[in-house]
Amino acid sequence: MAAFVDRVVVHVAAGNGGHGVASIHREKFKPLGGPDGGNGGNGGDVVLEVDPSVHTLLDFHHRPHQKAANGRPGEGSNRHGARGEDRVLRVPAGTVVSTPDGRVIADLVGAGTRVVLAHGGKGGLGNAALANARRKAPGFALLGEPGEALDAVIELKSIADVGLVGFPSAGKSSLIAAMSAARPKIADYPFTTLVPNLGVVRAGDTVFTMADVPGLIPGASEGRGLGLEFLRHIERCAVLVHVVDMATMEPGRDPESDIEALQYELAQYREDLVDRLRVAVLNKVDVPDGRELVDLVREPLEQRGLQVFPVSAATGEGLRELGFALARAVEEHRAALPEPEPVRVTLTPRAVDDSGFTVERDPDDEGTFTVRGVKPERWVRQTDFTNDEAVGFLADRLNRLGVEDALQEAGAQEGDTIAIGDVAFDFVPTLPAGTLSVEETAGLGGRGTDSRIDAPHRVRAEERLAAKKARRVPYELTETWTDEDLPDGDDDA
């Protein structure tokens, strides 16, 4: 069974918003109690949070489907539904979240860092919140919105100040065990280390972290061996240390050729990693043959710009000097880091000519138009299309937003297909407010109905314009009065 997982694909779904409720207060001696339907609660979010006590993505490997709780529906007596509980996914520091196509969503560094991966749906309004002077007792409520759902790739890139790289069995795990309290598995065969190990090292007043990467071999950058799988764990390291096996018995290998092969693999993976390779550790100098090779390889390695430290992880020789040298390099890197910029909130006002939606004609079908925008699409999702009054309310909202006028400007004719979100309509201009009585425009022929939905005749655009002009002129002079028409005593009128 896997004990360490550093890359998973999770399927997350935020909670759906609760539906609003349509309710009328009923109490003895109160015949006109009025609407009292409560709002639905918002759905819970799916949140990623960095937890220092978590070191692997193993939990998501076993449970890749993560869902937040739904919001509760509203109830009568103005009782609002409860908000759905958030689903908090705890991840290690250094976690990178991206889409399946490679777009980075978040890079989580620092304990307590949080990011909302999927937002919960908004709860629907109850009929108490929808009541106004024209629609005193709405017979409908708004539906809750569905929560966001997506697939995300979560990768762990260990955050370490110093990264140990080298061929298998070079002694990287032994070095971490000797310099820190980490106790990785150590054995005398290649590829003993199957997962990255992390240790904390103290050198004077400086504390830094050290990680090793499972053995690199020629061709690792092309997927050979274990190197490519774990190279991501040294991307954040400030200093890379090449651990050289001075007691290897393999033919054709020597410290200089090992470093050349390592630099090539690092450059193939990411070219900037070569510049971080600053230190060469000549391990296993406690072996007689290994100590004799130190003087032969020191000068060629120093000519490459590397600091050379002969050490023995078994006896502790040279580890103190190595620790202080690495501490100095880490401090230099930390001092060179730019200061974090203060968080600035940028407010971008909406453009004057931005209506909040767009209207596009289908190039393959002249009789089909698509309306895109946050508000229209949200309103459609919130509408209960089994309720005529709710449909009429949607039509009024779209009309007030200017969707109908924009469709007519784009060339839409009555009977054309209008698509908003996942719903398609037949385009019929809505009835303008003011041409009918209050009861007719509000759909008060009965709760949950709208007299305009099944009306045999709908007012066309030119009729609407005429009605609008008629409302602006209070009366018309149809005849001319003479002095004889004036009442007695009104000669000065």
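- Side chains of Asp45 and His119: a donor-acceptor N/O pair is absent below 3.5 angstrom, by distance only.
- Shortest non-hydrogen contact noted between Phe309 and Ala325 is CZ-CB, 3.3 Å.
- Looking at Asp286 and Thr315, their side chains never bring a donor and an acceptor atom within 3.5 Å of each other.
- Ala178 and Ala313 make their closest contact through CB-O, 3.7 Å (heavy atoms, listed as atom of the first residue, atom of the second, distance).
- Within 6.0 Å of the CD atom in Gln303, the count of heavy atoms belonging to other residues, nucleotides or ligands exceeds 12.
- Residue-environment remark: CD (Glu85) stays at or below the threshold of 12 foreign heavy atoms within 6.0 Å.
- Separating the CZ atom in Arg202 from the CZ atom in Phe208 is a distance of 11.0 Å, to the nearest 0.5 Å.
- Separating the OG1 atom in Thr113 from the CG atom in Leu108 is a distance of 6.5 Å, to the nearest 0.5 Å.
- Distance CD1/Ile420 to CZ/Phe357: 9.5 Å, rounded to 0.5 Å.
- Between atom CG of residue Leu58 and atom CZ of residue Arg63 there is a gap of 8.5 Å, rounded to the nearest 0.5 Å.
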Output, in order, the C-alpha distance, side-chain angles, deciding distance and verdict of salt bridge (Lys or Arg N to Asp or Glu O under 4.0 Å) for Glu360 and Arg372.
CA-CA 8 Å; Glu360 301 175 2; Arg372 291 187 174 89; 2.6 Å; yes
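- Contact between Val311 and Val285 at its shortest, heavy atoms only, is O-CG2, 3.1 Å.
- Separation of atoms OG (Ser312) and CG (Leu282) is listed at 12.0 Å; rounding is to 0.5 Å.
- Around atom CZ of Arg72, no more than 12 heavy atoms belonging to other residues, nucleotides or ligands sit under 6.0 Å away.
- Minimum heavy-atom separation, Leu57 to Leu156: CD1-N, 4.1 Å.
- Of the inter-residue distances, the one linking Asp416 atom CG with Asp365 atom CG reads 8.5 Å to the nearest 0.5 angstrom.
- At least one donor-acceptor pair closer than 3.5 Å links the side chain of Asp384 to the backbone N or O of Thr386.
- Atom CZ of Arg304 has more than 12 neighbouring heavy atoms from other residues, nucleotides or ligands inside a 6.0 Å radius.
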